[in-house]
Amino acid sequence: MFRLSTRLLQHLQPYIFPPACPTCKKVHATRAINTKPANINLPEQYGCCADCLQDIHLAPINTCYRCGITLPKSLAPGPCGHCLTQPPPQKHTRNVFVYRDTVRTALLAWKLQGQSAGLHWLLQSSAQTLQQVFSPHDLLIPVPMPLSRMRRSGLHHSADLCQRIAQITSSQVCHTLLRRTGNHTRQSALKGKQRLSNLRKAFMLANDYQIQLDNYNVQGKIWVVDDILTTGATLRHACKVMKKTQHPIFAFALARTPSNT
């Protein structure tokens with residue numbers, strides 16, 4: 001009798017607790033309950049609803065390989081003029097999404113409210129792309145955030161993102177190699193030129209960084225990872241410090257703001 005009840009509850013669960021879109025939270029439409037529970041056959045997981053799916057924008061293909069800005073197809077993959085005159089410290093920059101509409105909603109829900117369903121769906125839906133970008137031999141370095149801000153939010157967002165990517169790609173993650181110094185103004189509160197100078201001395205390598213790198217025995221690429229790229233200042237300064245390890249450094253942000261894509 002107990003087994004029958006458990007099976008019945010499993011069949012009825014989509015109707016008692018109907019699945020919803022992970023970003024807009026709109027409940028997915030379900031069919032009327034059949035009189036025979038055994039005939040109820042709903043998908044195990046529902047993804048993004050049709051409206052939200054239409055508002056997901058992938059990062060452009062024609063970009064400068066060094067900094068990631070959009071280029072005319074004839075000039076891609078660059079480098080762009082700015083990278084020719086002032087090359088960034090990273091060898092390559094990759095993004096998956098444009099930070100707008102559905103992607104923006106999902107990331108803000110994760111960053112501000114601790115709701116990660118939308119982020120989880122975005123990562124799972126882009127698993128094939130992530131596996132093409134990262135290999136099991138790569139090392140992911142999250143951009144460190146100030147301790148005071150991490151205490152307020154209760155989450156280290158870049159580190160959490162690295163862990164989620166590593167689960168998909170089997171890459172390694174190191175949280176202690178790159179460190180934050182002091183408390184600087186939030187980048188989101190500053191304008192372009194202010195962003196460039198705000199984090200000039202915000203990062204440093206751990207004193208034992210060489211020992212840590214030896215322990216990881218990196219056979220692939222070293223990636224500095226952030227969640228959102230706006231002007232690129234945060235990744236630029238973090239990569240500049242990481243370059244002191246004498247390893248080629250690569251940059252990754254899950255989404256990039258439209259004005260810089």
(request) Go through the side-chain N and O atoms of Thr93 and Arg256 and say whether any donor and acceptor fall under 3.5 Å apart. (result) no

(request) Return yes if some donor-acceptor pair links the side-chain N/O of Tyr216 with the main-chain N/O of Val173 below 3.5 Å, else return no. (result) yes

(message) With rounding to the nearest 0.5 angstrom, report the OH to NE2 distance, Tyr65 to His92.
(response) 9.5 Å

(message) Show every side-chain hydrogen bond (donor to acceptor under 3.5 Å, both in side chains) that has at least one partner inside residues 123-137, sequence neighbours left out.
(response) Ser135-Asp138

(request) Taking the side chain as every heavy atom from C-beta outward, state whether Asp101 and Ile56 have any atom pair closer than 4.5 Å. (result) no

(request) Could you tell me whether a side-chain N or O of Thr70 sits under 3.5 Å from a main-chain N or O of Thr63, the two making a donor and an acceptor? (result) no

(request) Drop me the distance from Leu213's CG to Asp208's CG, to the nearest 0.5 angstrom. (result) 9.5 Å

(request) State whether a side-chain donor-acceptor pair under 3.5 Å links Asp227 with Trp110. (result) no

(request) Any chance you could measure Ile228, atom CD1, to Thr257, atom OG1, to the nearest 0.5 Å? (result) 9.0 Å

(message) So does Leu130 get a backbone contact from the side chain of Thr169, meaning a donor-acceptor N/O pair under 3.5 Å?
(response) no

(request) Drop me the distance from Gln210's CD to Thr245's OG1, to the nearest 0.5 angstrom. (result) 7.5 Å

(message) Return the NE2 to OG1 distance between His82 and Thr85, rounded to the nearest 0.5 Å.
(response) 5.5 Å

(request) Indicate if Leu139 and Ile211 have the same hydrophobic cluster label, given that clusters are the connected sets of ILVMFWY residues with side-chain heavy-atom separations under 4.5 angstrom. (result) no

(message) Side chains of Cys24 and Asp51, heavy atoms from C-beta outward: is any pair under 4.5 Å?
(response) no

(request) Drop me the distance from Leu161's CG to Gln163's CD, to the nearest 0.5 angstrom. (result) 10.0 Å

(request) Give a yes or no on whether the backbone of Leu71 and the side-chain of Asn62 come within a donor-acceptor separation of less than 3.5 Å. (result) no

(message) Keeping Arg66 on the side-chain end and Pro88 on the backbone end, is there a donor-acceptor pair under 3.5 Å?
(response) yes

(request) Name all residues meeting the ring-ring contact (aromatic ring centres under 6.0 Å, His included) criterion together with Phe134; count only those two or more places apart in sequence or in a different chain, and write none if there are none. (result) Trp223, Phe252

(request) Compare all side-chain heavy atoms of Pro258 with those of Val98 and state whether any distance is below 4.5 angstrom. (result) yes

(message) Taking atom CG as the centre, does Asn215 end up with more than 12 heavy-atom neighbours from other residues, nucleotides or ligands that are less than 6.0 angstrom away?
(response) yes

